[in-house]
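Notes follow the structure.
All residue numbers in this chain count up from 1 along the given sequence.
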Amino acid sequence: HSALRWVESIAGDVAFDRLIVAEEHPDFRNAGPLIHTLTGRFTGEHLGEGLFQGDPEGIALYDCPSGNGYWIATDQGEATNRFHVFDRASLAHLGSFSGAQVHTTDGIVLHPFASERFPYGVLYVAHADAGIAAFDWRDIADALNLWLDCPE
């Protein structure tokens, strides 16, 4: 696979020389986001291969200075969608979550810093091209047994 066709989002990770590309062309979408090097060479691998049921959409990296962290990728559906979480280094699937009213999510952004409302950060996601939903990182971490903040 060399040509990109229907790219929804791209996120990079300098520490692991990875560029994760959400390709939603029907020939590739269910295989999961494509993994490239930062120079653009396709590695032949997919993030969460076989796990995606809808379109791969938003991608976010929880980037810890130590090299620890997580990838979060949207598996978009019209009735509902899931958010898959992967280990940053090994790319192992760690679990998935969804929101009761959240669907048709395109973009996502992770804000891993403390605020008054979200002391361990928040994942903001687009909802049905008409709004934004917020997932408290404490809820995600608790549900999937993840770190509340970066272990160093």
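Asp136 contributes no side-chain N or O that, together with a main-chain N or O of Phe118, makes up a donor-acceptor pair within less than 3.5 Å.
Considering CG of Leu19 and CZ of Arg41, their distance stands at 12.0 Å, rounded to 0.5 Å. Note: Asp75 CG to Arg82 CZ = 5.0 Å, rounded to the nearest 0.5 Å. Atoms CG and CG, from Asp63 and Asp13 in turn, are 6.0 Å apart once rounded to the nearest 0.5 Å. Expressed to the nearest 0.5 Å, how far CG of Asp55 lies from OG1 of Thr104 amounts to 10.0 Å. Rounding to the nearest 0.5 Å gives a distance of 12.0 Å between NE2 of His36 and CG of Asp17.
Two different hydrophobic clusters hold Ile10 and Phe16 under the rule that ILVMFWY side chains link at heavy-atom gaps under 4.5 Å. Criterion: ILVMFWY side-chain heavy atoms under 4.5 Å apart, direct or through other members. Under it, Trp71 and Leu34 are not part of a common hydrophobic cluster. The hydrophobic clustering, which links ILVMFWY residues whose side-chain heavy atoms are closer than 4.5 Å, places Val122 and Ile132 together.
Hydrophobic side-chain contacts under 4.5 Å tie Ile108 into a cluster, directly or through other members, with Tyr62, Tyr70, Ile72, Phe83, Val85, Leu94, Phe97, Val102, Leu110, Tyr120, Leu123, Val125, Phe135, Trp137, Ile140, Leu144, Leu146, Trp147, Leu148.
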Subject >> Stepwise side-chain contact (heavy atoms from CB on, under 4.5 Å) check, Ile20 with Ile35 >> reply: CA-CA 5 Å; Ile20 308 295; Ile35 302 174; 3.8 Å; yes
**OP:** Show your reasoning for whether side-chain hydrogen bond (donor to acceptor under 3.5 Å, both in side chains) applies to Asp106 and Gln76.
**Re:** CA-CA 7 Å; Asp106 287 322; Gln76 183 195 66; 2.9 Å; yes
**OP:** Show the numbers, then the answer: is there a side-chain contact (heavy atoms from CB on, under 4.5 Å) between Val7 and Glu24?
**Re:** CA-CA 6 Å; Val7 174; Glu24 60 182 5; over 6 Å; no
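Here His93 pairs with His84, Phe86 under the ring-ring contact (aromatic ring centres under 6.0 Å, His included) rule; sequence neighbours left out. Here Ser98 pairs with Thr80 under the side-chain contact (heavy atoms from CB on, under 4.5 Å) rule; sequence neighbours left out. Residues forming a side-chain contact (heavy atoms from CB on, under 4.5 Å) with Ala143 (at least two apart in sequence, or on another chain): none.
Closest approach of Ser9 to Glu57, counting heavy atoms only: OG-O, 2.6 Å. Taking each heavy atom of Ile59 and Ala11 in turn, the nearest pair found is CG2-CB, 3.8 Å. Of all heavy-atom pairs between Ala114 and Pro119, the closest is CB-O, 3.1 Å.
No side-chain heavy atom of Glu23 sits under 4.5 Å from any side-chain heavy atom of Pro33. At a threshold of 4.5 Å between non-hydrogen side-chain atoms, the residues Thr43 and Thr37 count as touching. Counting heavy atoms from C-beta on, the side chains of Leu61 and Arg88 come closer than 4.5 Å.
Each disulfide bond (SG atoms under 2.5 Å apart) pair with one or both residues in residues 75-149, not counting sequence neighbours, would appear here, but there are none. Judged as a disulfide bond (SG atoms under 2.5 Å apart), the pairs with a partner in residues 108-152 (not counting sequence neighbours) are, in order, Cys64-Cys150.
Salt bridge annotation for Asp27-Arg5: absent, with no cationic side-chain nitrogen under 4.0 angstrom from a carboxylate oxygen.
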